[in-house]
Amino acid sequence: MEQQEHDVDEGMEMQAVHGPLPIEQLEQCGISATDVKKLREGGMFTVEAVAYTSRKDLLKIKGISEAKVDRLTEAASKLVPMGFQSATHLHQLRGEIIQITTGSKELDAILQGGVETGSITEIYGEFRTGKTQLCHTLAVTCQLPLANGGGEGKVLIIDTEGTFRPERCVEISQRFGLNPTDVLDNIAVARAHNTDHQSQLLIEGGAMMAECRFSLIIVDSVTGLYRTDYSGRGELAARQLHLARFLRSLQRLADEHSCAVVVTNQVVASVDGNMFAGPQVKPIGGNIMAHASTTRLYVRKGRGDERICKIICSPCLPEAEARYLLAPEGITDCKD
């Protein structure tokens, strides 16, 4: 018993130093290797994944009974802190959050350093506003050292619109003095063809993230396939439920692996009965999308290749705007 408690304490130390705990750590708490294998087959690759998953979802895993769920949740709670903690401790943890540079000093300034890890950042706007180009830049900058505004990790990209271009990453990598071959090797990209495939790719991505360090997940765009797979008000409830589950899975990966999540979103025109104000745009996804996103950024066109980004919603950032430029070397500052 003493040895088991020592192993649990050691596991918590490993979590503090190395991040998420591999699912095999549960064996030290009395969980059989067979049950651990069943968890992996069910899409669970870390102890945090077990701890954060509801009993109902754990019971859906083949071969996991109610008695086993009780043992699993008890074992996971020993390794992953799930109770109250002081605001002082939380403040210290917030101080360790990594900010990934966008490539623009002005944009980084309003974001107080860049895109933060552990949360979902949504970027929405009309076509040709630079959403995908911003994603290409982040896919490179997240590989930079921490001292240079990077995340020192790989990037996972789910491309739903077929807009990812590796040659853009090559151009951007040269600007930051990175080896283009290494940059491309550190990008794991998959094309999603429907909403179910999009969710399945996230499960496969979770398995990859359990093996090595990923500092960023990009979904471009998160709602594109939902607009075609679900149509009409009759399927609205099913669409929103599926989208909510996908976003919850994204947030869980951000929590487990302390990585940043960036999703782009499409918009729809809304006149709102005011013909003089002209057509307004609002993001797809409704309240489900709004509540799931920690930080919402609205991008619009400026003069020429200039773009304007506005912080719409954030728990800690005030509303502000920044101008940036779409250039061959990625997102840069405007040259006044």
Can [Y] be reached from [X] by stepping across I, L, V, M, F, W or Y side chains whose heavy atoms are under 4.5 Å apart?
X	Y	answer
Ile288	Ile120	yes
Leu138	Val189	yes
Leu59	Ile61	yes
Leu156	Met44	no
Tyr52	Ile23	yes

Under a 3.5 Å threshold, yes or no: a donor from one side chain and an acceptor from the other, between Glu161 and Ser221?
yes

Give, for atom [atom1] of [X] and atom [atom2] of [Y], the distance between the pair rounded to the nearest 0.5 Å.
X	Y	atom1	atom2	result
Tyr324	Glu306	OH	CD	10.5 Å
His91	His89	NE2	NE2	12.5 Å
Cys212	Met208	SG	CE	7.0 Å
Arg296	Ser314	CZ	OG	12.5 Å
Ile31	Arg71	CD1	CZ	6.0 Å
Leu297	Thr264	CG	OG1	12.0 Å

Could you check whether any side-chain heavy atom of [X] comes within less than 4.5 Å of a side-chain heavy atom of [Y], counting everything from C-beta outward?
X	Y	value
Ile331	Arg307	no
Met289	Pro283	no
Gln28	Leu79	no
Val262	Ile217	no
Pro315	Thr294	yes
Arg175	Thr332	yes
Leu26	Asp35	no
Leu90	Gln85	yes

Taking the side chain from [X] and the backbone from [Y], do they hold a donor-acceptor pair closer than 3.5 Å?
X	Y	answer
Glu152	Leu146	yes
Thr160	Leu225	no
Asn148	Gly150	no
Glu126	Arg300	no
Asp305	Leu325	no
Thr73	Asp70	yes
Glu235	Ser231	yes
Ser293	Glu122	no
Asn287	Ala290	no
Glu106	Arg323	yes

Is the His136 ring parallel, tilted or perpendicular to the Phe164 ring (thresholds 30°, 60°)?
parallel

I would like to know whether Val299 and Ile123 meet side chain to side chain contact (heavy atoms under 4.5 Å, CB included); could you show each step before the answer?
CA-CA 7 Å; Val299 292; Ile123 306 169; 4.0 Å; yes

Inspect the surroundings of [atom1] in [X] and state if more than 12 heavy atoms from other residues, nucleotides or ligands are less than 6.0 Å away.
X	atom1	answer
Lys335	NZ	no
Glu167	CD	yes
Arg128	CZ	no

Would Lys301 and Phe127 count as a cation-pi pair here, with the cationic atom under 6.0 angstrom from the ring centre and within 45° of the axis?
yes

Between Leu111 and Gln99, is a side chain to side chain contact (heavy atoms under 4.5 Å, CB included) present by the stated rule, with each step listed?
CA-CA 9 Å; Leu111 295 174; Gln99 307 279 354; 5.8 Å; no

Between [X] and [Y], which heavy-atom pair has the shortest distance, and what is it?
X	Y	value
Lys68	Ile64	CB-CG2, 4.2 Å
Gln198	Val219	NE2-CG1, 4.3 Å
Val155	Ile157	CG2-CG1, 3.9 Å
Gly206	His257	O-NE2, 4.4 Å
Ser215	Gly151	CB-O, 3.6 Å
Pro328	Ile172	O-CG1, 4.4 Å

Hey, do the aromatic rings of Tyr226 and His242 have their centres closer than 6.0 Å?
yes

Give the C-alpha distance, both sets of side-chain angles, the deciding distance and a yes or no for side chain to side chain contact (heavy atoms under 4.5 Å, CB included) between Leu134 and Thr102.
CA-CA 7 Å; Leu134 184 52; Thr102 61; 4.1 Å; yes

Could you check whether [X] pairs with [Y] (Lys NZ or Arg NE/NH1/NH2 to Asp/Glu carboxylate O, under 4.0 Å)?
X	Y	answer
Asp185	Lys154	no
Lys38	Glu41	no
Arg94	Glu116	yes

If the test is side chain to side chain contact (heavy atoms under 4.5 Å, CB included), which one of Ile100, Asp333, Thr101 qualifies with Asp108?
Thr101

Evaluation steps, side chain to side chain contact (heavy atoms under 4.5 Å, CB included), between Val281 and Tyr298:
CA-CA 10 Å; Val281 296; Tyr298 170 52; 3.6 Å; yes

Show which side-chain atoms of residues 244-255 pair as donor or acceptor with protein atoms under 3.5 Å away, not counting sequence neighbours.
| from | atom 1 | to | atom 2 | distance (Å) |
| --- | --- | --- | --- | --- |
| Ser249 | OG | Arg245 | O | 3.0 |
| Gln251 | NE2 | Gly118 | O | 3.2 |
| Gln251 | NE2 | Asp255 | OD1 | 3.0 |
| Arg252 | NE | Glu256 | OE2 | 3.3 |
| Arg252 | NH1 | Thr53 | OG1 | 3.0 |

